[in-house]
Amino acid sequence: QVQLVESGGGLVQAGNSLRLSCAASGLTFSIYQMGWFRQGPGKERQFVATIRRSNSTYYSDSVKGRFTISRDNAKNMVYLQMNSLKSEDTAVYYCAATTRLGITASQSEYDYWGQGTQVTVSS
């Protein structure tokens with residue numbers, strides 16, 4: 001049974017940093033591309049970042065230069081370091097996994113999802 005469990009969310013002031021973690025189990029983690037998505041209040045879920053099994057990364061324009069995605073295959077973990085947070089970053093953040101090889105920013109192409117962790121940025 002595949003499980004993705006996010007942690008690290010919380011309340012933070014604008015301009016500060018937060019690191020999200022996602023623990024994966026029940027899958028051969030190293031072969032999966034791992035992504036982060038978010039859903040803000042009243043908004044649709046949107047792509048944030050992804051990291052391929054080769055460790056190449058891809059970001060949405062809204063977070064490029066502020067967020068960094070990384071992975072630790074030995075620990076079956078993926079991280080999202082979020083710096084210079086803005087109020088518009090407020091959302092529930094989801095971790096997701098896909099076996100697709102190319103850069104995948106479409107949520108429909110992800111096979112597994114976590115339950116999400118809330119990030120609230122106060123201005």
Side-chain angles (χ1 to χ4, degrees):
Q1 179 182 356
V2 176
Q3 279 194 316
L4 301 176
V5 180
E6 303 93 337
S7 61
L11 175 63
V12 63
Q13 286 190 329
N16 285 353
S17 300
L18 208 58
R19 189 176 86 150
L20 304 183
S21 300
C22 172
S25 60
L27 73 171
T28 306
F29 181 77
S30 61
I31 71 170
Y32 278 80
Q33 178 176 172
M34 301 300 296
W36 285 97
F37 291 76
R38 68 185 181 186
Q39 186 167 16
K43 299 180 181 179
E44 293 185 354
R45 190 160 57 185
Q46 60 180 198
F47 169 77
V48 174
T50 189
I51 183 165
R52 298 168 66 189
R53 56 186 189 180
S54 63
N55 279 333
S56 62
T57 58
Y58 179 70
Y59 299 91
S60 69
D61 288 343
S62 61
V63 307
K64 197 176 298 180
R66 299 188 298 122
F67 290 12
T68 302
I69 188 172
S70 61
R71 65 190 296 160
D72 185 337
N73 288 343
K75 296 181 179 179
N76 285 9
M77 297 288 294
V78 61
Y79 306 99
L80 186 68
Q81 178 67 43
M82 305 185 295
N83 298 331
S84 303
L85 282 161
K86 306 175 182 180
S87 57
E88 51 262 45
D89 295 319
T90 294
V92 177
Y93 283 73
Y94 298 89
C95 171
T98 178
T99 54
R100 291 188 180 265
L101 297 178
I103 290 291
T104 303
S106 172
Q107 55 183 309
S108 65
E109 296 182 310
Y110 281 78
D111 304 304
Y112 303 106
W113 291 84
Q115 82 290 347
T117 186
Q118 176 70 48
V119 172
T120 303
V121 183
S122 63
S123 56

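A donor atom on one side chain and an acceptor atom on the other are found under 3.5 Å apart for R45 and Q107.
Using a 4.5 Å heavy-atom threshold, the side chains of T90 and Q118 count as touching. The closest side-chain heavy-atom distance from F29 to R71 is below 4.5 Å. The side-chain heavy atoms of R38 and Y94, taken from C-beta on, include no pair separated by under 4.5 Å. Contact of the C95 side chain with the W36 side chain is registered, since non-hydrogen atoms from C-beta on lie closer than 4.5 Å. With contacts defined as side-chain heavy-atom distances shorter than 4.5 Å, the pair M77/S21 qualifies.
Closest approach of S87 to S123, counting heavy atoms only: CB-CB, 4.3 Å. Minimum heavy-atom separation, G114 to E6: CA-OE2, 3.2 Å. Across all non-hydrogen atoms, the minimal contact from M82 to V119 is CE-CG2, 3.9 Å. Closest non-hydrogen pair, L80 versus A49, comes out as CD1-CB, 4.3 Å. The two atoms that bring V78 and S70 nearest to each other are CG2-O, 3.2 Å, heavy atoms only. Between E44 and Q39, the shortest heavy-atom distance links the atoms C-CG, 4.0 Å.
Hydrophobic clustering of Ile, Leu, Val, Met, Phe, Trp and Tyr side chains at less than 4.5 Å, counting indirect connections, unites V2 with M34. Side-chain heavy atoms closer than 4.5 Å link hydrophobic residues (I, L, V, M, F, W, Y) into clusters, and following such links, even through other members, never connects I51 to F47. Both F67 and I69 belong to a single network of hydrophobic side chains, linked directly or stepwise wherever heavy atoms of I, L, V, M, F, W or Y lie under 4.5 Å apart. Following chains of ILVMFWY side-chain contacts shorter than 4.5 Å, one can reach Y93 starting from V121, so the two form part of one hydrophobic cluster. Criterion: ILVMFWY side-chain heavy atoms under 4.5 Å apart, direct or through other members. Under it, Y32 and Y79 are not part of a common hydrophobic cluster.
In summary, of the residues considered (T98, T104, T50), a side chain to side chain donor-acceptor pair (under 3.5 Å) with Y110 occurs for T50 alone.
The CD1 atom of I31 sits 11.0 Å away from the CG atom of N73 when rounded to the nearest 0.5 Å. Between atom CG of residue L4 and atom OG of residue S25 there is a gap of 7.5 Å, rounded to the nearest 0.5 Å. With rounding to the nearest 0.5 angstrom, the CZ atom of R66 is 7.0 Å from the OG atom of S84. Atoms CD and CD, on Q115 and Q3 in that order, are 9.0 Å from each other to the nearest 0.5 Å. We find the CG-CG distance between L18 and N83 to be 10.0 Å, quoted to the nearest 0.5 Å. The line from CZ of R100 to CD of E109 is 4.0 Å long, rounded to the nearest 0.5 Å.
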Could you go step by step and tell me if V12 and T120 meet the side chain to side chain contact (heavy atoms under 4.5 Å, CB included) rule? CA-CA 6 Å; V12 63; T120 303; over 6 Å; no
* Verify salt bridge (Lys or Arg N to Asp or Glu O under 4.0 Å) between D89 and K86, making sure each step is shown before the conclusion. => CA-CA 5 Å; D89 295 319; K86 306 175 182 180; over 6 Å; no
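Side chain of T117 to main chain of G9: a donor-acceptor pair is present (N/O by atom type, distance under 3.5 Å, no hydrogens or angles). Judged by distance alone, with hydrogens and angles left aside, the side-chain atoms of Q33 form a donor-acceptor pair with the main-chain N or O of G102 at under 3.5 Å.
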